[in-house]
Amino acid sequence: MNLNIAVLPGDGIGPEVTKQAVKALTAIASEYNHNFKFTVADVGAIAIDKHGDALPDETLELCKNTDAILFGAIGDPKYDNDPSAKVRPEQGLLKLRKEMGLFANIRPVKAYQTLLDKSPLKKHIIEGTDISIYRELTGGIYFGEKQLSEDGNTASDLCTYSREEIERIARLAFVAAQNRDHRLTLVDKANVLESSRLWRKVVKELAEEYPDVKLDFLFVDNAAMQMILNPKQFDVILTENMFGDIISDEASVIGGSIGLLASASVGDKYAMFEPIHGSYPQAANKGIANPIASILSAAMLLSHFGLHNEAELIRLAVEKSLKLNITTPDINAENDTVTTTNVGDFIEDFIFNPKDTNLNFKNIHLGQSTII
Ligand code: IPM
Ligand code: MG
């Protein structure tokens with residue numbers, strides 16, 4: 001298959017982790033005779049520094065002319081601590097999602113057998129957890145009208161949703177539930193918010209078209225608690241933009257590290273693949289960033305194009321690396337010498353030699369070349 005992939009590494013650890021994902025995709029292309037062409041472009045704080053714009057026109061243009069986007073991370077502390085900043089790196093990502101119509105953000109959350117002891121949550125609680133979060137991505141409070149009074153003492157962000165915006169992602173979530181365990185939970189705050197009541201109404205109506213899916217509802221505060229108390233109760237979660245942002249970070253604790261969580265952002269026309277973690281600037285250029293979320297995002301990219309065997313091979317490689325403890329310090333406190341590149345090298349090796357599993361393990365630990 002020929003694929004043009006726009007690579008937007010962004011800020012902080014974005015470039016390091018994306019590099020490993022590109023390496024994995026390149027190995028897949030060579031093993032399966034695909035032709036993947038990567039074109040790199042700027043987004044986020046680095047784009048502000050270089051072009052004065054968090055999403056330069058050339059980047060958007062490139063994204064609109066590619067088959068898929070591989071996104072790294074954005075954000076820089078110099079903006080976080082400056083509430084008066086007029087341009088912010090996050091605007092780049094938000095504008096990209098909006099302009100590309102990426103209304104559904106799919107975030108799988110899984111407790112890996114080999115990492116059960118690494119989560120701060122008890123093993124028996126998280127074991128077997130397998131959730132797919134469908135987060136609405138181009139509406140709600142993120143994109144509603146923002147106001148700041150002239151005296152600077154009052155501010156507001158409007159949360160707006162239309163039936164159409166709710167329906168299109170809800171349909172995707174219902175279909176996902178049909179292909180999984182046939183359970184869908186709508187997370188909202190319908191006891192307080194008008195917009196949530198619209199979500200409930202629309203989703204309830206749609207449910208009639210999906211009689212094989214068991215629909216239930218949870219208020220977001222309760223959902224946040226249930227996620228920690230009993231995450232196994234969830235199959236597919238459907239929720240609006242900001243609730244999805246919050247509960248997906250919370251859910252990442254189940255897997256042991258936010259550095260493991262991948263996501264796909266899809267619309268009618270385009271698709272982008274991005275780790276759910278941020279730019280983690282404190283870790284940048286230290287070789288300690290976990291590239292797995294980015295590598296698994298690359299696997300989601302492959303699945304999106306129907307390359308299921310290829311995606312499965314990447315997932316197997318990731319599982320093997322976790323099993324052999326070839327992982328970065330966030331989930332590897334006992335051995336903090338394994339670097340971002342080491343993990344990427346192992347995944348690459350595994351793709352080339354899936355049957356030959358233990359050989360490279362030694363090399364990685366000795367810090368030697370993994371080419372055999
Ligand atoms: C995410 C991130 C973004 C969001 C930020 C960087 C704007 O937290 O993708 O979850 O809030 O959507
Ligand atoms: Mg987030």
Side-chain angles (χ1 to χ4, degrees), residues 8-15 17-18 21 42-48 53-55 59 63 69-83 85 87-109 131-144 146 157 159 161 165 169 187 220 223-224 227 237-255 257-267 270-284 289-290 293-294 296-297 300-301:
L8 274 48
D11 307 322
I13 59 169
V17 295
T18 311
D42 294 324
V43 71
I46 181 158
I48 299 177
D53 185 348
L55 180 67
T59 301
C63 292
I69 307 162
L70 189 65
F71 190 91
I74 57 171
D76 189 297
K78 71 183 177 209
Y79 299 95
D80 295 345
N81 302 328
D82 176 10
V87 272
R88 320 184 68 84
E90 289 78 6
Q91 290 163 344
L93 177 56
L94 299 181
K95 185 171 170 201
L96 187 61
R97 288 172 177 169
K98 190 74 170 176
E99 291 275 331
M100 309 287 291
L102 307 171
F103 62 82
N105 181 224
I106 302 147
R107 301 188 155 181
V109 176
I131 309 173
S132 190
I133 299 176
Y134 276 65
R135 168 190 175 194
E136 202 289 328
L137 203 58
T138 52
I141 197 167
Y142 271 56
F143 292 93
K146 297 179 190 305
D157 299 270
C159 179
Y161 270 109
E165 284 175 302
I169 181 163
V187 169
V220 63
M227 183 66 80
I237 290 179
L238 168 64
T239 191
E240 61 98 73
N241 203 344
M242 190 158 78
F243 297 159
D245 180 44
I246 298 168
I247 62 164
S248 57
D249 266 36
E250 187 194 13
S252 76
V253 178
I254 295 165
S257 168
I258 196 168
L260 298 172
L261 255 63
S263 86
S265 303
V266 302
Y270 302 108
M272 177 159 94
F273 301 85
E274 46 176 323
I276 86 153
H277 62 68
S279 59
Y280 192 13
Q282 308 87 317
N290 193 337
S294 186
L296 289 175
S297 299
M300 290 183 89
L301 182 157

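Atoms within a ligand are numbered from 1 in the order they appear, just like the ligands themselves.
With rounding to the nearest 0.5 Å, the separation of CE in M272 from OG in S297 is 10.0 Å.
Summary of contacts: the protein heavy atom closest to atom 10 (O) of ligand 1 is D245 OD1, 2.8 Å. Summary of contacts: the protein heavy atom closest to atom 9 (O) of ligand 1 is R97 NH2, 2.7 Å. When only non-hydrogen protein atoms are considered, atom 7 (C) of ligand 1 lies nearest to E90 CG, 3.7 Å. Nearest non-hydrogen protein atom to atom 4 (C) of ligand 1 is Y142 OH, 3.5 Å.
Side-chain contact annotation: T239 with E136, donor-acceptor N/O pair under 3.5 Å absent. Residues D245 and Y142 bring a donor and an acceptor atom of their side chains to less than 3.5 Å of each other. Defined by atom type and a distance below 3.5 Å, a donor-acceptor pair is present between the side-chain atoms of R107 and S248.
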Take S252 and V109, measure what side-chain contact (heavy atoms from CB on, under 4.5 Å) needs, and give me the verdict at the end.
CA-CA 7 Å; S252 76; V109 176; over 6 Å; no

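Using a 4.0 Å cut-off between heavy atoms, R107 contacts ligand 1 through its side chain alone, with no backbone atom that close.
Proximity to R135 (heavy-atom distance under 4.0 Å) selects the following atoms of ligand 1: 1 (C), 4 (C), 9 (O), 10 (O), 11 (O), 12 (O).
For D245, the nearest N, O or S atom to the Mg ion (ligand 2) falls under 2.8 Å.
Heavy-atom neighbours of Y79 OH from other residues, nucleotides or ligands within 6.0 Å: above the threshold of 12.
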